[in-house]
Amino acid sequence: MGRRHQRDTSPVIALADCNNFYVSCERVFQPSLEERPVIVLSNNDGCAVARSNEAKALGISMGAPYFQIRRTCENHGVIVFSSNYELYGDMSRRVTSVMARFAPGIEVYSIDESFLDLRAFADPLARAHEMRRIVRRWTGIPISIGLGQTKTLAKLANRLAKKGSGCVAVDADDHLALAGVEVEDVWGVGRRLGIRLRRVGVKTALDLALAPASTIRSVGGVTLERTHRELGGLRCFELEQSPRPRKNICSSRSFGRPVTTLEDLEEALANYVVTAARRMRGEASLAHGIQVFLTTNRFREDLPQYRNSRSLSFDESTADPMRLVSVAKRLLRAIYRPGYAYKKVGVLLLDLTPACERQMTFFEHSAKAVRRQSLVDAVEEVAAGYGHSGAFLAAQGIQPDWVMRRNRRTPRYTTCWSDLPVAE
DNA sequence: TCTGGGGTCCTAGGACCC
DNA sequence: TCTGGGGTCCTAGGACCC
């Protein structure tokens, strides 16, 4: 009966989102930070990536470079942290596991957001309120929940929930709610599409919902057309409960100071390759290709700029970190040019496929191949048990001086024994 | 002095083929 | 003036997300 294309009559998809997540994590362990302006910085203490409401009220915007807002922070007593991803990752798992008790279906969308299927409940909004209360009590993290017939409407409702009571449901026919959301704040419409939409008179979510499909398609292609339909209550994005395997894995860092020599770049790159290979191993995947890139600091217009990348496909897929490191270094040497102050180097592992699907090759079980594999396994085992300093390749170096700045990190309260908070 | 990192999808255009 | 017409495959780049 074409049920797939029918509209749900009531808002049953929820988007639960942790408020100012990284800041909230820090506040759980330092309650004195409540009601004070707090921000968390990105790697290298570069940009503000999380802000408490009090910090937002001071005009500190998302992604603001720290050196530009430092004065404001000092003048207003803003508390500033480096990011502590071990803490945030662990808190995220706790929040997710509590939420999973409240819904038969959950899609973990990002470190601080999940979509939930509340179709089974007579009163989804009441269910959401209860979940919000329990997550707060069990984890200390405040969340906001938006409900809609589609993911896009749930996202939109979530924006409204952030301003108001914490739980809001928005129906596709609720013109008043849709009219209150700027078009570039709709999920899937960013700054660029926002500009193009405003040019054709589409200024709000309501304008977008009511515009003819042909207009929307000509501005933003099939992607925007899906968003358009979702605003009208027609579901185009389903809940994805089991994460799709990643297609690429990227590892890269900006340097704490400019790097000029090939040797330093190689050492950094070797570390990123090992990191990427480790993540790939965790997903039980193999790479069919690899790409290496490097770039100077694009903000330094006074300095000569250079960026380049090179990739290579393998004859057979691999996860061997030693092979990956040696190939990566070869690619780096091919694009390295002396005389530049480099800001960043990185690696992408491409075309990932599950290891179980790998085609066996003729040399698979040669004594050499088996020895090589057991060496890799041993190194990974030691690294897993004793931290990354327990075992590493010589190419990774020992005391690199290009490591990133992270001067204001809090203890890893929940994931490291020596950092456990002490109750006195 | 100081400007994050890690993803996805789509499209346009070039190379190549018959 | 006119310069064939499609296909496919690949890649780079643009747009978005958190």
Side-chain angles (χ1 to χ4, degrees), chain A residues 15 17-18 20-22 39-50 60-71 73 80-85 88-89 92 107-115 151-152 155 158 183-197 217-227 236-237 240 243-258 272 275-276 279-280 283 288-289 291 293 295-303 307-313 341 343-352 404-408:
Chain A
L15 176 71
D17 177 316
C18 302
N20 316 327
F21 182 51
Y22 298 169
I39 64 173
V40 176
L41 301 176
S42 64
N43 282 332
N44 269 320
D45 294 346
C47 304
V49 289
I60 297 173
S61 52
M62 181 64 179
Y66 181 52
F67 75 92
Q68 286 176 3
I69 56 172
R70 171 176 277 148
R71 186 63 59 81
C73 292
V80 180
F81 294 109
S82 301
S83 34
N84 183 345
Y85 288 110
Y88 310 150
S92 172
E107 173 187 340
V108 180
Y109 179 66
S110 77
I111 193 166
D112 69 340
E113 283 176 63
S114 289
F115 287 102
K151 283 181 164 182
T152 305
K155 269 280 195 182
N158 184 270
V183 70
E184 43 279 290
D185 293 337
V186 172
W187 189 45
V189 182
R191 222 185 85 247
R192 298 303 187 104
L193 282 175
I195 291 168
R196 277 144 72 177
L197 284 167
R217 190 175 186 123
S218 71
V219 170
V222 296
T223 317
L224 192 61
E225 210 178 347
R226 280 187 208 120
T227 298
C236 300
F237 306 122
E240 296 184 24
R244 277 180 290 177
R246 247 182 278 285
K247 295 173 179 170
N248 301 305
I249 287 177
C250 175
S251 179
S252 148
R253 291 282 180 283
S254 295
F255 298 123
R257 61 157 181 78
Y272 307 151
T275 299
R279 289 222 299 273
M280 183 165 66
E283 302 218 339
H288 285 84
Q291 180 180 81
F293 62 89
T295 173
T296 50
N297 186 344
R298 66 196 159 100
F299 295 104
R300 291 295 301 270
E301 288 169 7
D302 53 324
L303 294 180
R307 55 191 308 167
N308 206 347
S309 68
R310 185 153 302 185
S311 43
L312 182 110
S313 298
K343 179 65 177 170
K344 189 189 225 182
V345 63
V347 63
L348 283 110
L349 302 179
L350 308 168
D351 282 325
L352 270 40
M404 63 173 156
R405 295 183 300 273
R406 220 175 165 193
N407 298 326
R408 302 152 176 271

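Computed from a prediction, not measured in an experiment: that's the story for all the values here. Throughout, protein chains are lettered first and strands after them, A, B, ... in sequence-line order, and every chain is numbered starting at 1.
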Does a nitrogen or oxygen in the side chain of R226(A) sit under 4.0 Å from OP1 or OP2 of dC9(B)?
no
For S83(A), which of D45(A), L41(A), N43(A) qualifies under side chain to side chain contact (heavy atoms under 4.5 Å, CB included)?
N43(A)
Between K344(A) and dG5(B), is there a side-chain N or O to OP1/OP2 distance below 4.0 Å?
yes
Expressed in angstrom and rounded to an integer, what is the separation of M62(A) atom CE from dG5(B) atom P?
14 Å
5'-most contact on DNA chain B: S251(A) or P65(A), nearest heavy atom basis?
P65(A)
Atom CZ of F115(A) and atom C1' of dC18(C) are separated, to the nearest Å, by 11 Å
Those residues at least two apart in sequence (or on a different chain) that pass side-chain contact (heavy atoms from CB on, under 4.5 Å) with K343(A) are S254(A), N297(A)
Can you check the D302(A) CG to dT1(B) C1' distance for me, whole Å?
12 Å
Can you sort out the partners of R70(A) under salt bridge (charged side-chain N to carboxylate O under 4.0 Å, His left out), two or more places apart, ordered by chain and number?
none
Is DNA chain C part of any stem, that is, at least 3 consecutive Watson-Crick or G-U pairs with both distances under 3.5 Å, and where?
B:5-18 with C:5-18
Could you state the atom-to-atom distance from CD of E240(A) to C1' of dC17(C) in whole Å?
13 Å
What orientation do Y109(A) and W187(A) show, parallel under 30°, tilted 30 to 60°, or perpendicular over 60°?
perpendicular
So, using side-chain contact (heavy atoms from CB on, under 4.5 Å) as the criterion, who are the partners of S61(A) when residues are at least two apart?
A64(A)
What is the nucleic acid contact for I111(A), judged by heavy atoms within less than 4.0 Å: base, sugar-phosphate only, or nothing?
nothing
Nucleotide N/O to protein N/O under 3.5 Å, stretch nucleotides 10-15 of chain C:
{"from": "dA15(C)", "atom 1": "OP2", "to": "R192(A)", "atom 2": "NH1", "distance (Å)": "3.3"}

Return each pair, listed once, that meets salt bridge (charged side-chain N to carboxylate O under 4.0 Å, His left out) where at least one residue sits in residues 184-194 of chain A; pairs must be two or more places apart or across chains.
R159(A)-D185(A), E184(A)-R198(A)
Name the closest nucleotide to the R279(A) side chain, picking from dG7(B), dC2(B), dC17(C).
dG7(B)
Rounding to a whole Å, what distance do you find between K343(A):NZ and dC2(B):P?
7 Å
Could you state the atom-to-atom distance from CG of N44(A) to C1' of dT3(B) in whole Å?
10 Å
Closest-nucleotide mapping onto DNA chain B: is I249(A) or T223(A) further toward the 5' terminus? I mean the 5' end.
I249(A)
Without decimals, in angstroms, what is the distance between N43(A) CG and dG5(B) P?
5 Å
